[in-house]
Amino acid sequence: MEGAIGFTLEKKHERARTGVLHTAHGDIQTPAFVPVGTKANVKGVLPETLAHLGAQVVLGNTYHLYLQPGEEIVEQAGGLGTFMGWNGPTMTDSGGFQVFSLGAAYGRTITKIAKGEESAGDVVAVYDPEVQTQHGQLAIIDDEGVSFTSHIDGSLHRFTPERSVEIQHALGADMFFAFDECTSPTASYEYQKDAMHRTHRWAERSLRAHRQNLEANRRQGIFGIVQGGRHEDLRRESAKEIASMDFDGFGIGGSFSKEDMAGALQAAIPELPEEKPRHFLGIGEPGDVLTGIAEGMDLFDCVAATRMGRHGTIYTRRGNIHLKSEKYRTEFAPLDPETIIPGTEPFTRAYVSHLLRSGEMLGQIIASTHNLGFILRLVDGAREALLHGTFGEYRENFIRDYYA
RNA sequence: GCGUCGGUGGCAGAGUGGUCAAUUGCACUUGGCUGUAAACCAAGCGGAUUUAUCCUACGCAGGUUCGAAUCCUGCCCGGCGCA
């Protein structure tokens with residue numbers, strides 16, 4: 001491979017595909033699910049376990065690692081992977097998502113996935129710097145960058161595309177993302193459009209900042225991020241614009257609703273170069289991952305597996321179950337009788353239910369491990385099915401059982 | 001036995017004349033969680049319901065009062081102190 005990372009397209013199957021992503025820390029068979037290790041750890045799961053579960057790459061977060069412990073410490077340790085004891089490939093997110101989660105979403109119940117129609121309103125996604133007070137949110141956006149108030153100690157910080165790239169150079173992941181703005185699904189069309197253009201300008205600046213650092217260029221690849229929110233025309237425009245820049249890979253970010261997710265991908269993906277990897281940021285849940293794969297995405301990261309597990313909900317072939325519910329107290333059955341997850345075989349629903357109810361951390365560990373194993377296995381199965389030309393069937397079968 | 005403090009919803013513990021079916025926490029029930037401010041958040045949690053109200057309830061039994069978990073009397077039970 002000529003750059004820091006390379007991508008070999010292996011096989012296509014309608015719009016879906018398999019491939020191999022090459023990095024200095026090893027190859028990644030795609031499609032692949034990327035466990036999220038925000039603060040240099042996948043919550044509740046040891047690197048060794050991740051490897052057993054089949055994880056190939058882990059994603060850390062710029063905002064969080066910058067605040068704690070500070071990127072210079074990660075750099076001194078030898079980079080994100082070495083610091084956390086993970087031998088394989090790593091990625092970092094740029095902090096763009098925190099623009100949303102600490103900004104427009106702060107203190108509210110909104111998430112990046114909109115539900116139905118009710119959220120198509122016109123909620124202001126950022127405050128006007130002239131008139132805003134910081135009450136109620138921790139991130140303020142302007143065209144140049146974003147000012148943050150640390151959620152840890154209230155101190156003030158500022159990210160620009162250049163700064164985000166600089167931090168990500170220090171974190172040293174094999175792949176990292178350009179600094180972007182993840183908008184709220186409740187933002188207006190006009191706002192989404194403005195934010196998208198801002199993200200395009202930030203993409204250029206991120207790319208330039210990276211290419212200027214020859215040393216970092218040799219070891220790290222940079223992904224540009226397509227935005228455009230819930231509007232197909234914006235998605236298409238954004239993809240075209242980002243694709244015209246010399247990125248090593250592409251991310252599709254921002255907000256969706258269940259209904260328009262596939263449409264957004266169908267609008268964006270045809271604009272992206274086939275020979276470069278595509279990462280679906282923050283997605284997802286089992287069904288959404290299969291949708292992404294079907295549309296031609298290669299990589300997925302998501303906190304849902306570990307967060308839901310930690311909170312007591314586990315994935316099963318027949319849908320999600322909440323282990324803390326009354327009925328599982330005495331259900332001495334495997335977590336998911338139809339899915340074998342290495343390391344969780346001995347445990348029953350009743351046992352994990354008890355651990356979860358009594359606040360034992362092992363319950364969270366087992367449930368997180370199970371969910372991660374489940375989604376990794378699902379994606380792995382999808383890859384196999386793609387190679388055998390049976391993906392359509394694979395997906396249909398899964399959806400039928402899972403959402404039955 | 002005398003004195004003293006106390007007995008409140010599954011538990012702990014507020015309340016000390018009306019705004020109290022009773023603050024709060026835990027437990028419990030049910031939801032939610034998609035680039036992790038998240039081992040978190042939300043709702044419910046005496047009964048019946050036309051959801052407006054009614055009934056039952058702050059150890060038990062009486063009483064005072066327009067009105068009592070709150071005041072008085074007796075009884076029962078518990079802690080502590082003195083015998």
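So you know, we letter chains A, B, ... as the sequences are listed, proteins then strands, and number each from 1.
- Nucleic acid contact class of A/Leu59 (heavy atoms, under 4.0 Å, all strands): sugar-phosphate only.
- Listed candidates were B/rU36, B/rU30, B/rC33. Nearest to the side chain of A/Met308 is B/rC33.
- A side-chain donor from one of A/Gln168 and A/Ser164 sits under 3.5 Å from a side-chain acceptor of the other.
- One can find a donor-acceptor pair under 3.5 Å joining the base of B/rC33 and the side-chain atoms of A/Thr313.
- Rounded to a whole Å, the CD1 atom of A/Ile283 is 9 Å from the P atom of B/rU34.
- Picking from B/rA37, B/rU34, B/rG31 the nucleotide with the shortest atom distance to the side chain of A/Tyr106 gives B/rA37.
- For B/rG59 and B/rC77, the P atoms lie 16 Å apart once the distance is rounded to whole Å.
- For A/Ser325, taking side-chain heavy atoms from C-beta onward, the closest of the listed nucleotides B/rU30, B/rU34, B/rU36 is B/rU30.
- Rounded to whole Å, the P atom of B/rA69 lies 13 Å from the corresponding atom of B/rA22.
- Of all nucleotides present, only B/rC66 satisfies the Watson-Crick or G-U wobble test against B/rG18, with each distance under 3.5 Å.
- If you take atom C1' in B/rU50 and the same atom in B/rA61, they sit 37 Å apart, rounded to whole Å.
- Remark: the A/Thr306 side chain and the B/rU36 base include a donor-acceptor N/O pair separated by less than 3.5 Å.
- The shortest non-hydrogen separation linking A/Tyr189 to A/Leu234 is OH-CD2, 3.6 Å.
- Nucleic acid contact class of A/Glu326 (heavy atoms, under 4.0 Å, all strands): sugar-phosphate only.
- Closest to the A/His311 side chain, of the nucleotides B/rU36, B/rG32, B/rG35, is B/rG32.
- As judged by a 4.0 angstrom heavy-atom cut-off over every strand, A/Ser150 is placed among residues making no nucleic acid contact.
- If you check every strand for non-hydrogen atoms under 4.0 Å, A/His64 touches sugar and phosphate atoms only.
- Using P as the reference atom, B/rA27 and B/rG6 are 30 Å apart when rounded to the nearest Å.
- Spacing of C1' atoms, B/rC5 relative to B/rU16, comes out at 15 Å, to the nearest Å.
- Put simply, A/Gln98 has no side-chain N or O that comes within less than 4.0 Å of OP1 or OP2 on B/rG35.
- Across every strand in view, B/rG81 sits in a pair with B/rC2 that passes the Watson-Crick or G-U test at under 3.5 angstrom.
- Going from atom CD of A/Gln68 over to atom C1' of B/rA37 covers 12 Å, rounded to whole Å.
- A distance of 6.0 Å or more separates the ring centres of A/Tyr63 and A/Tyr66.
- If you look at A/Phe347 and A/His370, their ring centroids are not closer than 6.0 Å.
- Within the 4.0 angstrom heavy-atom criterion, only backbone atoms of the sugar-phosphate kind lie near A/Thr111; the bases stay farther away.
- A donor and an acceptor atom sit less than 3.5 Å apart, one in the side chain of A/Asp180 and one in the base of B/rG35.
- Distance CE (A/Met297) to P (B/rG35): 15 Å, rounded to an integer number of Å.
- Contacts of A/Gly251 with the nucleic acid, taken as non-hydrogen atoms under 4.0 Å apart, are absent.
- Picking from B/rG35, B/rU36, B/rA37 the nucleotide with the shortest atom distance to the side chain of A/Lys43 gives B/rU36.
- Between the side chain of A/Lys324 and the base of B/rU29, no donor-acceptor pair of N or O atoms lies under 3.5 Å.
- OP1 or OP2 of B/rU29 sits under 4.0 Å from a side-chain N or O of A/Arg357.
- In this structure, A/His210 has its ring center closer than 6.0 angstrom to the ring center of A/His169.
- Which of B/rA39, B/rU30, B/rG35 sits closest to the side chain of A/Leu281 comes down to B/rG35.
- A/Lys327 comes within contact range of no nucleotide atom at all, as no heavy-atom separation falls under 4.0 Å.
- By the side-chain contact (heavy atoms from CB on, under 4.5 Å) test, A/Glu274 pairs with A/Leu9, A/Lys12, A/Arg17, A/Arg278, sequence neighbours left out.
- Of all heavy-atom pairs between A/Ala4 and A/Gly221, the closest is CB-N, 3.8 Å.
- If you take atom C1' in B/rG9 and the same atom in B/rC26, they sit 14 Å apart, rounded to whole Å.
- B/rA43 and B/rU24: their P atoms are spaced 11 Å apart (whole Å).
- Pairing of B/rC11, defined by two Watson-Crick or G-U wobble distances under 3.5 Å, is identified with B/rG25.
- Remark: the separation of the C1' atoms in B/rG67 and B/rG18 is 6 Å, to the nearest Å.
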